[in-house]
Amino acid sequence: MNIPNNRSLSLLSLLFFSCSIFFDCSQNKKAPNEFVEVMDQRTKTRFRQYMILGKRLYLQHCANCHGESGEGLEKLIPPLAESDYLMAEIDRSVCQIRYGVNGEIVVNGTLYNQEMPANQELRVLEIAEIVTFITNSWGNERGLISARQVEEFMSHCLQDATF
């Protein structure tokens with residue numbers, strides 16, 4: 001019977017460790033965002049910047065109610081994670097961030113009727129960064145929402161008053 005020496009055991013351990021890391025990492029890898037995949041390099045860079053700054057702004061202005069992971073608060077505050085309401089009309093979401101929400105909304109089949117305060121101190125670029133972050137996090141995929149788009153959406157907010 002052959003008893004493996006220390007060198008063989010070390011090599012086997014290293015091989016096992018390397019394989020376990022490789023398979024663990026590959027299983028946890030997120031599928032690519034289809035919107036990001038088709039972006040040119042300049043847009044991808046801007047998208048990454050918006051995501052980083054958007055997360056910081058989200059944590060500062062939104063996470064207290066909607067949660068760090070966009071999970072919401074039971075039947076009081078709606079989730080942003082995998083939110084049908086958020087993703088259905090991005091322009092409405094922009095208006096709601098700026099002007100708040102008052103009244104009933106249905107998110108993922110659940111009725112919510114909690115007032116969301118306005119964030120009128122946020123600049124257009126900051127809203128674009130927040131919206132880009134929340135629409136590309138926690139199972140949402142939308143791609144870059146530019147400041148120009150946010151400006152256009154906001155020009156219709158008070159006219160449409162659908163928020």
Side-chain angles (χ1 to χ4, degrees), residues 24-163:
D24 186 48
C25 292
S26 66
Q27 289 173 353
N28 291 330
K29 209 170 207 180
K30 187 179 176 232
N33 181 326
E34 67 182 73
F35 293 97
V36 176
E37 291 298 308
V38 298
M39 291 178 186
D40 61 61
Q41 195 55 45
R42 183 176 177 196
T43 305
K44 281 183 183 181
T45 300
R46 191 165 58 146
F47 174 78
R48 284 188 210 105
Q49 290 172 332
Y50 274 42
M51 289 293 289
I52 291 166
L53 295 172
K55 180 177 183 177
R56 182 181 55 80
L57 289 164
Y58 174 82
L59 291 172
Q60 181 181 349
H61 295 280
C62 315
N64 193 43
C65 294
H66 290 285
E68 282 189 33
S69 300
E71 71 276 10
L73 182 61
E74 297 185 14
K75 294 189 179 198
L76 188 61
I77 308 291
L80 301 175
E82 297 181 341
S83 170
D84 59 352
Y85 182 87
L86 168 69
M87 300 304 286
E89 296 179 43
I90 304 299
D91 54 338
R92 173 184 60 198
S93 299
V94 166
C95 294
Q96 290 173 334
I97 290 170
R98 172 52 65 91
Y99 296 107
V101 179
N102 200 358
E104 295 180 345
I105 62 171
V106 176
V107 179
N108 298 340
T110 302
L111 179 69
Y112 295 90
N113 191 9
Q114 180 70 26
E115 183 177 349
M116 181 177 116
N119 287 288
Q120 294 190 3
E121 77 283 356
L122 292 172
R123 297 184 331 251
V124 169
L125 177 59
E126 292 172 320
I127 292 173
E129 292 163 345
I130 291 170
V131 173
T132 295
F133 174 72
I134 64 176
T135 59
N136 290 282
S137 298
W138 319 302
N140 300 326
E141 288 188 7
R142 178 59 171 79
L144 178 73
I145 309 296
S146 70
R148 186 173 297 147
Q149 286 174 293
V150 167
E151 205 166 64
E152 174 65 27
F153 295 155
M154 286 176 47
S155 72
H156 301 289
C157 287
L158 297 177
Q159 296 167 0
D160 297 343
T162 58
F163 53 95

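Because only heavy atoms are used, hydrogens play no part in the values below, and waters and symmetry mates are left out as well, while side chains stay in.
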| field | Exercise: identify the closest heavy-atom pair between Asn119 and Pro117 | value | ND2-O, 3.7 Å

| said: List the residues meeting side chain to side chain contact (heavy atoms under 4.5 Å, CB included) with Lys75, not counting sequence neighbours, and say none if there are none. | reply: Thr110

| query | Sub-3.5 Å donor-acceptor pair from the side chain of Thr132 to the main-chain atoms of Leu144, do we have one? | reply | no

| query | Do the non-hydrogen side-chain atoms of Met154 and Val124 ever get within less than 4.5 Å of each other? | reply | yes

| Taking the side chain as C-beta and beyond, is there a heavy-atom pair between His66 and Met116 under 4.5 Å? | yes

| field | Min side-chain heavy-atom separation Phe47-Asn136 under 4.5 Å | value | yes

| message | With a 3.5 Å distance limit and no angle check, can you tell me whether Ser155 reaches the backbone of Glu152 through a side-chain donor-acceptor pair? | response | yes

| query | Of all heavy-atom pairs between Ala128 and Ile145, which one has the smallest distance, and what is that distance? | reply | CB-O, 3.4 Å

| request: Check the angle between the aromatic planes of Trp138 and Tyr58 and answer parallel, tilted or perpendicular using the 30° and 60° thresholds. | output: tilted

| request: Take His61 and Glu121 through the test side-chain contact (heavy atoms from CB on, under 4.5 Å) and record every step on the way to the result. | output: CA-CA 11 Å; His61 295 280; Glu121 77 283 356; 3.5 Å; yes

| remark: Taking every heavy atom of Leu86 against every heavy atom of Leu80, the minimum-distance pair comes out as CD2-O, 3.7 Å

| query | So, does Asn102 use its side chain to make a donor-acceptor pair with the main chain of Glu115 at under 3.5 Å? | reply | no

| task | Indicate yes or no: at least one non-hydrogen side-chain atom of Phe133 is less than 4.5 angstrom from one of Ile52. | result | no

| query | Is the count of non-hydrogen atoms from other residues, nucleotides or ligands lying under 6.0 Å from Asn108 atom CG greater than 12? | reply | yes

| Any side-chain heavy atom of Arg48 sitting closer than 4.5 Å to one from Met51? | no

| field | Smallest separation among heavy atoms of Asn113 and Gly103, with atom names | value | OD1-C, 3.2 Å

| field | Atom of Val106, atom of Asp84 and distance for their closest heavy-atom approach | value | O-OD1, 4.4 Å

| said: Are Gln120 and Tyr99 packed together at the side-chain level, in the sense that at least one heavy-atom pair is separated by less than 4.5 angstrom? | reply: yes

| message | Working to the nearest 0.5 angstrom, can you tell me the gap between Met87 CE and Glu82 CD? | response | 10.5 Å

| Heavy-atom distance under 4.5 Å between the side chains of Pro79 and Val107, does that happen here? | yes

| Between atom CG of Asn140 and atom OG of Ser83, what is the distance when rounded to the nearest 0.5 Å? | 6.5 Å

| task | Please say whether the positively charged group of Arg92, taken as NZ for Lys or CZ for Arg, lies over the ring of Tyr85, i.e. under 6.0 angstrom from the six-membered ring centre and within 45 degrees of the axis. | result | yes

| request: Answer yes or no: are there more than 12 heavy-atom neighbours, outside Glu74 itself, under 6.0 Å from its atom CD? | output: no

| query | Got a second to check how far Ile90's CD1 is from Arg142's CZ, nearest 0.5 Å? | reply | 5.5 Å

| message | When you measure from the side chain of Arg98 to the backbone of Leu122, do you find a donor-acceptor pair of N or O atoms at a distance under 3.5 Å? | response | yes

| message | Apply side-chain contact (heavy atoms from CB on, under 4.5 Å) to residues Leu57 and Gln60 and explain how you reach the verdict. | response | CA-CA 5 Å; Leu57 289 164; Gln60 181 181 349; 4.2 Å; yes

